[in-house]
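Along the sequence shown, residues carry numbers from 1. All ligand and atom numbering here is 1-based and tracks the order in the structure.
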Amino acid sequence: MAKQAERLRQPRPRTGASSRTKGRRSEDFDFRDLFENANDIVILNDRGGCIVMANRAAREFGGYSAEEVKRGVDLKEVLAPEEYEAAMILTQRALDGLPIPEVYERHAVLRDGRRRIVELRSNVLRNRSGEPLLQTIGRDVTESRHAAAFQASLAEVLRALLTAQGLDAASKVICDEALRVLEVDGVYLFLPSADEVVGAASAGAGAERFKGLRRSLNDSFVGKIFRRSDPLVANDFPSIYPGLELARGIDIRSLLAVPLRSSGATLGLLAFIHCHDPQYFVGEVCDRALIFAAQTAVAIESALARDREEEEGQVSAALLHVARAIRESLKEAEVVSQIAGSARSVLGCDWTFVSLWEDERKLFRVVATEGFTPEASEEMQLVEFHLKDFPETQELRADQPVEYPEPPAHAAMLFERWGGSSMLTQPISRGGAMIGTLAAGYRKRRGAFPARERRIIEGIAAQAAVALDNARLVEDLRRANDMKSEFLGTMSHELRTPLAAIIGYADLMREGVMGPLQPQQDQVLDRMLINGRSLLDLINTTLDVNRLESGRVAVEVSSFALNDLFTELRMELTARPSKEVVPVIWPVLQRPIVVRTDRGKLKVILRNLLENALKFTAEGSVSVSVSPGSSEQRVQLAVSDTGIGIPPQEQKVIFEMFRQVEGARDRSRSGVGLGLYLVRRYAQLLGGEVAVESSPGLGSKFKLDIPISLGE
Ligand code: ADP
């Protein structure tokens with residue numbers, strides 16, 4: 001080879017280039033220098049694959065001395081074995097004058113065993129003796145090829161990350177891809193969880209050990225790196241961290257740990273290890289790992305946002321479902337069973353129960369269960385859970401949820417008996433006081449409840465508090481109403497009896513049964529009777545309204561002639577002494593008009609309307625009329641007056657309880673505002689309606705429209 005090298009001369013062009021280069025050849029131009037000092041790698045090899053010459057760049061690149069090249073180096077030694085054959089074929093084709101690729105790539109193997117990628121161009125030269133040699137000029141493109149490959153892989157990773165469903169899937173992609181793209185031996189991703197860092201995903205050496213690993217955020221090796229703001233590079237790892245417990249069994253030579261930071265917060269920690277090279281994380285490799293980590297931070301942030309969004313959606317949908325279910329009822333027993341039922345269905349857990357707190361006795365009582373066997377449910381509702389037996393009650397009372405990732409020792413028997421493996425109890429609190437709890441649990445699943453479930457149960461408990469509060473309010477109101485009715489009923493009865501006696505005796509005296517009266521005594525008795533009667537009317541109306549409100553009024557239907565009812569009312573009105581003087585004009589009915597309805601209630605309606613008309617009419621008259629109703633099967637009865645009238649804005653409200661027209665009432669007119677309320681309610685009971693037409697100062701007309709014949 002040495003001889004061959006010496007024989008080497010300037011190429012003799014095979015083509016017409018000779019005429020162009022002729023002049024230069026005579027110049028004193030040292031082509032050997034040019035060859036030797038070229039920046040590019042240049043080698044010459046013969047047909048047998050022997051490198052007959054290599055310039056300085058080539059020797060330095062490969063790690064060979066000039067002497068070694070002189071002694072002879074073969075292509076076999078400097079090429080990747082799998083490429084040697086192809087290189088020999090190319091040499092022969094070129095030397096035979098056959099076409100070869102203009103540019104091609106080979107993997108060069110350096111003296112120290114490292115591989116590099118070279119981009120090559122070859123052409124044929126002849127030595128002095130005319131022997132053809134292959135000249136190859138090349139360039140090390142390893143870095144740019146790696147960079148391009150890294151870019152491509154990174155793009156691949158990003159695509160995978162962006163389509164990964166949720167953080168769990170993204171974490172797995174991150175570790176698997178880092179292993180591949182960065183050519184490291186182990187990758188571990190840690191994410192924060194409360195005051196811990198948890199191994200979320202891992203790949204390569206020690207993957208099993210790190211997945212799910214939990215370490216304190218404050219005082220652990222991992223926690224400390226997590227809290228750093230800059231990456232930790234620990235090449236030559238064993239000498240920096242000798243005997244580190246975490247690394248036992250894994251031959252870590254180099255470590256790079258990068259806190260994944262975004263918008264000032266640390267989202268996670270990504271660690272890479274290399275098990276062979278003690279100086280792996282330097283230069284380009286280190287930069288690439290850092291770029292990868294930065295991309296990871298972005299991916300984690302968006303995965304977190306996606307998870308959050310999804311969780312948000314799930315939580316609101318679940319709470320909406322529960323809100324709808326709870327809204328259905330206002331009875332406490334129904335509300336609690338709705339809470340238990342809907343909580344179980346939205347959480348998808350095995351069972352739920354609601355208990356209420358009895359503050360006086362300091363105990364819980366289970367009031368609704370869902371998902372237990374009937375026997376277990378019955379037992380649970382019988383047991384009293386005393387404060388002293390359940391110390392966690394204190395936490396619940398402080399509005400803190402209590403979680404059992406597994407059965408607690410002090411209640412292991414109950415968990416076993418009713419079928420529980422884990423449970424979350426959320427206090428139901430109102431105005432700072434605990435009124436009960438909502439518990440959800442599983443029969444087999446153990447471990448902490450995920451954030452989504454915790455939020456849902458918290459939301460349900462908040463709604464439960466409002467619903468239970470409403471149910472209690474309604475219950476209190478109902479009770480108060482019952483008491484009021486009872487009170488009114490008793491009071492009125494107690495008043496009515498003596499009042500009836502007073503009126504009865506006054507009547508007898510006025511009739512002269514107890515001897516003749518002086519005109520003055522007669523007048524006084526009249527006044528006593530008027531006032532007594534209106535007091536009795538008031539009591540009767542109160543009793544009627546009370547009966548109506550408590551639903552104790554039955555409709556009793558009978559057939560009767562309106563003519564008879566009118567006669568009866570007329571006699572009653574004339575019989576009672578009254579201050580009012582205007583006449584009442586009754587309808588002249590040619591033949592009896594027979595109706596089928598509740599006679600008593602119709603009479604109360606008409607009497608109230610007539611008494612009002614007389615009360616508010618000082619001049620003119622009051623008249624009663626009968627006419628066809630709003631349909632063929634109905635009849636209209638009306639009471640008109642020429643009294644003070646009712647302003648338009650008041651015409652609707654006078655039918656409500658205790659409503660009177662402002663200013664119309666004075667001391668001379670009795671009444672509390674119950675008459676028209678009773679009229680309207682009775683009219684409704686008779687299947688009818690009551691309406692008013694009125695002009696202030698001209699008079700009013702109250703019209704009652706009822707069915708002629710009321711069904712049973
Ligand atoms: P009360 O007559 O005991 O006050 P009502 O319920 O019977 O109670 O009537 C409510 C109010 O409606 C009366 O206070 C009065 O202001 C008005 N009102 C009722 N009937 C008439 C009428 N015929 N003319 C004028 N105002 C009336």
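- Within a 6.0 Å radius of CD in Glu403, other residues, nucleotides and ligands contribute more than 12 heavy atoms.
- Proximity of Asp641 to ligand 1, defined as any heavy-atom pair under 4.0 Å, is confined to the side chain (atoms from C-beta onward).
- Salt bridge present: Glu311 and Arg455 bring a charged side-chain N and a carboxylate O closer than 4.0 Å.
- For the pair Arg445 and Phe449, the cation-pi criterion (under 6.0 Å, within 45° of the ring axis) is fulfilled.
- Residue contacts with ligand 1: Gly645 is included, with a non-hydrogen atom under 4.0 Å away.
- A salt bridge between Lys603 and Glu572 is present, with a side-chain N of the basic residue lying under 4.0 Å from a carboxylate O of the acidic one.
- By the 3.5 Å distance cut-off applied to N or O atoms, Ile644 is not counted among the residues near ligand 1.
- Near Ser700, with a cut-off below 4.0 Å to any heavy atom, the atoms of ligand 1 are 24 (N).
- Heavy atoms of Lys615 approach ligand 1 to within less than 4.0 angstrom.
- Under 4.0 angstrom from ligand 1, the non-hydrogen atoms of Val661 come from both its backbone and its side chain.
- A side-chain donor-acceptor contact under 3.5 Å links Glu379 and Trp418.
- Polar contact with ligand 1: absent for Arg659 (N/O pair, distance under 3.5 Å).
- Looking at Glu650 against ligand 1, nothing comes within 4.0 Å, counting heavy atoms.
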Run the salt bridge (Lys or Arg N to Asp or Glu O under 4.0 Å) check on Arg452 and Asp307 step by step: do they pass?
CA-CA 10 Å; Arg452 186 188 76 92; Asp307 277 6; over 6 Å; no
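- With ligand atoms numbered from 1 in the order given, ligand 1 contributes 1 (P), 3 (O), 4 (O), 6 (O), 8 (O) to contacts under 4.0 Å with heavy atoms of Gly673.
- The shortest N/O to N/O separation between Phe702 and ligand 1 does not fall below 3.5 Å.
- Thr437 and Ser355 form a side-chain donor-acceptor contact under 3.5 Å, judged by distance and modelled atom types alone.
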